[in-house]
Number of protein chains: 2
Amino acid sequence: MRKKVTLKQLAKELNLSISTVSKSLKNDPEISEKTINRVHELANFYNYKPNALAVSLKSNKTKTIGVILPEILNHFYAKALFGIEQAASKNGYKIVTCITNESHKKEIEYVEMLNYSSVDGFIVALSQETQMVNELDHFKVLKRDNVPIVMFDRVSDEIECDKVIVDDKIASKNAIQYLINTGCTKIAVITTISSDLSVAKLRLEGAREITDKNDNVSLIELPVKDNNNVEDEIEKFLKDNNLDAVLGLDETAAAVTINMSLKLGYKIPKDISVIGFTDGLLSRHSYPKLTTVSQHAEDLGAKAAQILVNQLDNFSENYKVKTEVVKTSLILRNSTN
Amino acid sequence: MRKKVTLKQLAKELNLSISTVSKSLKNDPEISEKTINRVHELANFYNYKPNALAVSLKSNKTKTIGVILPEILNHFYAKALFGIEQAASKNGYKIVTCITNESHKKEIEYVEMLNYSSVDGFIVALSQETQMVNELDHFKVLKRDNVPIVMFDRVSDEIECDKVIVDDKIASKNAIQYLINTGCTKIAVITTISSDLSVAKLRLEGAREITDKNDNVSLIELPVKDNNNVEDEIEKFLKDNNLDAVLGLDETAAAVTINMSLKLGYKIPKDISVIGFTDGLLSRHSYPKLTTVSQHAEDLGAKAAQILVNQLDNFSENYKVKTEVVKTSLILRNSTN
DNA sequence: CTGAAAGCGCTTACAG
DNA sequence: CTGAAAGCGCTTACAG
């Protein structure tokens, strides 16, 4: 069905050998200028492009990066993906993206599939299930074969590889400190994401550390249990506790807190201050607009891609892995004083 | 660096020829059962998987679908992508996704790139720029080469290919009719997306058709000009016109309308009813929750993928293209009576 | 300066 | 029942 021009055809039409045509296209100095020009001319005429499959088979490189993401309906990962794509394509790499939907099994399948379709390396944010069961053999196989991996955001100590993470703990500390500075003393932390996630743990720890140091400040925690019932749980929680501030450990928690506060007739930020994580659509389109911890997802993704590309383009046996921490920033909007 | 097991190695270790090993792995009946078993055993031991590149080079099939999307931070496309991925992987296809970011130039680049990395077919939603300049030569090249294309959502008459679209016009008609049925007479249509988009045009047409038929109903239109100034434009518009209903032709328009109404002290839906398009995060997390036209993005994507896969798996010269229309539904929530 | 040959990892028609 | 050979489209060391 599809018949693309090949070296063979060019060679035939030019009365040259395939080798000569191949070399000419690379402007090999050992070929006469005249021949080079003839070849280029015909190649342009036919809009010849080398068959990527064949080149890859020879070179054992595909110039393709496998990207494994837990979710895509989540603004954070969507933005990270955007950053990855930009950085990759700038460096001549394309990406193949797979969404695990937080499933450990899917993650294993995708890693194997991409590995056997010969991606040059991987960029990964672990699925929730993987972090929960803590089983990462599928990545160990890659390591054994020297396939470079860069993990970002959701990482694991089990795998020795480059990592790009957010300073979640510090971010959380800063957010709580900001609330305290603006006069809040009865603070709650609300989360709708699983406490199995590395990021959830760190954010919670950060919050605790700060409130523990302040005797006059109390911290109440609400890990939402039923994700189909987030609103009711949060509404009840707000009503039962006389809070003056909430830190949502994820964007949904913060957005719903805003809406339920509105519903209960609380004034924001007069009666209650709210800070969220992830500077996504919900934060920018809530009313009032959410003060939020921006994790600079795009930078995070771009950085991960850049690290991987460097490793791929300059492979070295004794490469030593590193962990980069991307600083967050607190974006002040209207949900805090 | 990466050394995967090959047929050659298996053959050597088993003292068989490469051909015999290859056939054994396919359980070719002309090979003795004993040999087949020996081969499978060793292959399992080494976890042998055929090199996808080599298989593709031989078969001229990659079992890969190229997906070209205008945006990914948009819930609609993110959901569509999810649907595509599900349907594709169920049928043994993987997908390579490229985001054009609404750029015509990027779209051309990606189509060429994917074509030369030999994807078997394409699923496309056109970029805004492409719909504006109406130049689709890059797809015509694919057609000439018999590479199957399925367009969805943002399609073009210029290209003869399968299409999966939403009944945008009817959706818009139904939404307006619903507003009229609930007693609204002074209705506005607000849009933050470009009027160059096929979908924008259809939605607007639908709205006009219904209001034209109702003498006592007036329709005012606000195409937001400056996308950095959406809120101010909408706030002013709401203040200047004494509306009792707004249909947002995109999710942002509707979400901002809700927020600005709140800001102006209007009660929703008592003073003003609001309906949006695209049943995304913003619609579900606004306060009050948005009544919205769901385009069933996931189904849309899944359907597009299914059509493409069928075409790929049963290629026929005299295939006749079709256009499938996916019905929308109006999801009633709290922003309307 | 040009070309024949080997090889990347597979498949398959053909021979024995 | 097994294997040698050709070929997918390229690259590159080697020969002339």
Side-chain angles (χ1 to χ4, degrees), chain A residues 1-40 42-43 46-64 113 115-120 145, chain B residues 1-40 42-43 46-64 92 113 115-120 145 147:
Chain A
M1 87 206 229
R2 172 163 29 177
K3 26 182 192 237
K4 287 189 279 195
V5 195
T6 65
L7 285 186
K8 205 181 187 177
Q9 289 160 58
L10 293 180
K12 193 172 165 197
E13 218 166 305
L14 289 163
N15 255 317
L16 287 170
S17 73
I18 293 177
S19 347
T20 305
V21 175
S22 175
K23 286 175 197 160
S24 299
L25 287 170
K26 305 200 142 41
N27 296 315
D28 191 319
E30 70 180 10
I31 306 292
S32 77
E33 205 171 320
K34 195 176 146 216
T35 305
I36 291 191
N37 289 336
R38 283 181 62 215
V39 171
H40 270 112
L42 195 69
Y46 281 125
N47 193 21
Y48 169 81
K49 298 266 163 52
N51 180 316
L53 250 28
V55 174
S56 295
L57 185 60
K58 269 302 284 185
S59 66
N60 201 20
K61 283 185 186 144
T62 55
K63 287 278 180 181
T64 303
M113 182 191 86
N115 191 217
Y116 280 103
S117 50
S118 307
V119 298
D120 292 343
D145 291 348
Chain B
M1 87 205 227
R2 169 162 33 174
K3 27 184 193 233
K4 287 188 281 194
V5 195
T6 65
L7 286 187
K8 205 180 186 175
Q9 289 161 56
L10 293 180
K12 193 173 167 196
E13 221 167 300
L14 289 163
N15 253 318
L16 286 170
S17 72
I18 293 177
S19 346
T20 304
V21 175
S22 175
K23 286 176 196 157
S24 299
L25 288 169
K26 304 199 144 41
N27 297 314
D28 190 319
E30 68 180 12
I31 307 290
S32 77
E33 205 170 324
K34 193 174 148 221
T35 305
I36 290 190
N37 289 338
R38 282 181 63 216
V39 171
H40 270 112
L42 195 70
Y46 281 124
N47 193 22
Y48 169 82
K49 298 265 162 56
N51 180 316
L53 250 27
V55 174
S56 295
L57 185 60
K58 268 305 281 184
S59 66
N60 200 21
K61 283 185 186 145
T62 54
K63 286 279 180 181
T64 304
M113 182 192 85
N115 191 214
Y116 281 102
S117 51
S118 307
V119 299
D120 291 345
D145 291 347
V147 181

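Residue numbers start from 1 in every chain, and the chains themselves are labelled A, B, ... in the order their sequence lines are given, proteins ahead of strands.
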**Study point:** Span that lies between the P atom of C:dT2 and that of D:dG9, in whole angstrom
**Key:** 25 Å
Review point. For C:dT2, does either OP1 or OP2 sit under 4.0 Å from a side-chain N or O belonging to A:Thr35?
Key: yes
Review point. In the strands shown, is D:dA13 matched to any nucleotide by a Watson-Crick or G-U wobble pair with both distances under 3.5 Å, and which?
Key: none
Check your understanding: Taking for each residue the nucleotide of DNA chain D with the nearest heavy atom, is it B:Ala54 or B:Leu16 whose nucleotide lies nearer the 5' end?
Key -> B:Leu16
Exercise for review: Output yes when at least one side-chain N/O atom of B:Ser19 is less than 4.0 Å from OP1 or OP2 of D:dA5, else no.
Suggested key: no
Check your understanding: Taking the side chain of B:Lys23 as its heavy atoms from C-beta onward, which of D:dC1, C:dA13, D:dG9 lies nearest to it?
Key -> C:dA13
Exercise for review: Would you kindly give the CG-to-C1' distance between A:Asn51 and D:dG7, to the nearest whole Å?
Suggested key: 14 Å
**Study point:** Interatomic distance, A:Lys61 NZ vs C:dC8 C1' [rounded to whole Å]
**Key:** 14 Å
**Study point:** side-chain hydrogen bond (donor to acceptor under 3.5 Å, both in side chains) between A:Tyr46 and A:Glu13, worked out
**Key:** CA-CA 12 Å; A:Tyr46 281 125; A:Glu13 218 166 305; 3.0 Å; yes
Review point. For the side chain of B:Ser22 and the backbone of B:Ile18, is there at least one donor-acceptor N/O pair under 3.5 Å apart?
Key: no
Check your understanding: Closer than 4.0 Å, any side-chain N/O of B:Tyr116 to the OP1 or OP2 of D:dG9?
Key -> no
Check your understanding: Are OP1 or OP2 of D:dC8 and a side-chain N or O of A:Lys8 less than 4.0 angstrom apart?
Key -> yes
Review point. Is the shortest side-chain N/O distance from A:Ser32 to OP1 or OP2 of C:dT2 below 4.0 Å?
Key: yes
Practice item. Could you give me the CA-CA distance, side-chain angles and deciding distance for B:Leu14 and B:Val39, then say whether side-chain contact (heavy atoms from CB on, under 4.5 Å) is met? Key: CA-CA 7 Å; B:Leu14 289 163; B:Val39 171; 3.9 Å; yes
Review point. Does OP1 or OP2 of D:dT2 have a side-chain N or O of B:Ser17 closer than 4.0 Å?
Key: no
Exercise for review: Starting at atom CG of A:Leu57, determine the distance to atom C1' of D:dT12, rounded to an integer number of angstrom.
Suggested key: 15 Å
Point to revise | Candidate nucleotides C:dT11, C:dG3, C:dG7, ranked by approach to the side chain of A:Lys58 - the nearest | key: C:dG7
Check your understanding: Can you tell which of C:dG3, D:dT2, C:dG9 lies closest to the side chain of B:Ile31?
Key -> D:dT2
Check your understanding: In terms of side-chain heavy atoms of A:Ile18, which of D:dT11, D:dT12, C:dT12 is nearest?
Key -> D:dT11
Exercise for review: Look at A:Lys26 and D:dT11 and indicate whether a side-chain polar atom (N or O) is within less than 4.0 Å of OP1 or OP2.
Suggested key: yes
